[in-house]
Amino acid sequence: MKPLFDFLLKLFILSVILWGVVYWGYTKYPVDLASVFTAWIMVAANALAGYMLFEFAFDKESRVFTLVVFGGVAMRLLLIMAIVLVVNLLHLVRPIDFAVSFISFYCIYLVVEILGYQKKNQLKKNAARNG
């Protein structure tokens with residue numbers, strides 16, 4: 001299976017599971033779903049952008065790879081921080097629901113992003129051994 005398709009599939013399955021948990025929690029506790037959705041869309045887009053940058057830089061020389069991947073991490077972090085600031089300053093979300101959701105989604109999606117990197121590296125190692 002192609003690494004990008006595999007990553008997107010895992011992202012989709014994880015999103016379905018997480019939204020199932022969110023809706024289960026929503027039936028028991030008062031949660032602002034708009035705040036949770038805002039956090040989820042930001043984190044999912046961030047993870048997808050990170051993986052796409054990794055895919056772009058994967059076969060490049062070491063200097064370019066490092067610049068794209070680590071520069072991308074810094075730029076994505078700055079962009080996410082700016083969006084979080086704007087969303088909170090404009091009172092578009094309930095801060096507690098947004099913060100808890102954002103941190104939870106971020107930690108989980110970061111693991112999926114790293115696993116995607118590892119899988120792509122493993123495929124390259126296997127191809128080098130077999131080819």
Among L92, I103, V84, whose side-chain contact (heavy atoms from CB on, under 4.5 Å) with F98 holds?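 It is V84; the other options fail the test.
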Residue that, paired with F105, satisfies side-chain contact (heavy atoms from CB on, under 4.5 Å) out of V36, V100, I41:
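Testing each of V36, V100, I41 against F105, the sole residue satisfying side-chain contact (heavy atoms from CB on, under 4.5 Å) is V36.
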**Q.** Residue list, ring-ring contact (aromatic ring centres under 6.0 Å, His included) with Y23, at least two apart or on another chain
**A.**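 So Y23 forms a ring-ring contact (aromatic ring centres under 6.0 Å, His included) with W19.
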ask   = Residues two or more places apart in sequence or in another chain: which of them pass ring-ring contact (aromatic ring centres under 6.0 Å, His included) with F37?
value =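 In terms of ring-ring contact (aromatic ring centres under 6.0 Å, His included), with neighbours along the sequence ignored, F37 is linked to W40.
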[X] and [Y]: same hydrophobic cluster, using ILVMFWY side-chain contacts below 4.5 Å?
X	Y	value
I80	V86	yes
V16	V111	no
I108	F12	no
I114	V43	yes
M75	L110	no

For the CG atom of D6 and the NZ atom of K120, what is their distance to the nearest 0.5 Å?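 One finds 11.5 Å between CG of D6 and NZ of K120.
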_Measuring from atom CZ of F7 to atom CG of L115, what distance do you get when rounded to the nearest 0.5 angstrom?_
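That separation rounds to 9.5 Å.
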According to the salt bridge (Lys or Arg N to Asp or Glu O under 4.0 Å) rule, which pairs have a member within [range], sequence neighbours left out?
range	result
residues 36-53	none
residues 59-74	D59-K124, E61-R63
residues 89-109	R94-D97

Residues that [X] engages under side-chain hydrogen bond (donor to acceptor under 3.5 Å, both in side chains), provided they are two or more places apart:
X	answer
R76	N46, E113
D32	S35
Q122	N126

Test side-chain contact (heavy atoms from CB on, under 4.5 Å) applied to I13 - qualifying residues, sequence neighbours left out: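 Residues passing side-chain contact (heavy atoms from CB on, under 4.5 Å) with I13: L9, I17.
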- request: Mind checking side-chain contact (heavy atoms from CB on, under 4.5 Å) for I83 and listing every partner two or more places apart, or none if nothing turns up?
  value: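 If we apply the side-chain contact (heavy atoms from CB on, under 4.5 Å) test to I83, skipping adjacent residues, the hits are M42, L79, V87.
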Connecting only ILVMFWY residues whose side-chain heavy atoms lie within less than 4.5 Å of each other, what is the rest of V64's hydrophobic cluster?
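V64 shares its hydrophobic cluster with L53, F56, V68.
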Is the CD1 atom of I96 crowded by more than 12 outside heavy atoms at less than 6.0 Å?
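No, the 6.0 Å shell around CD1 holds no more than 12 heavy atoms from other groups.
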### Task
Determine which pairs satisfy ring-ring contact (aromatic ring centres under 6.0 Å, His included) with at least one residue from residues 62-91, sequence neighbours left out, and list them in order.
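Passing the test, one end in residues 62-91: F54-F65.
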request  = Could you please spell out the steps behind the side-chain contact (heavy atoms from CB on, under 4.5 Å) verdict for L77 and M81?
outcome  = CA-CA 6 Å; L77 180 61; M81 287 173 29; 3.9 Å; yes
Worksheet entry | Audit row: Y109, L11, side-chain contact (heavy atoms from CB on, under 4.5 Å) steps and yes/no | CA-CA 8 Å; Y109 279 71; L11 213 59; 3.4 Å; yes
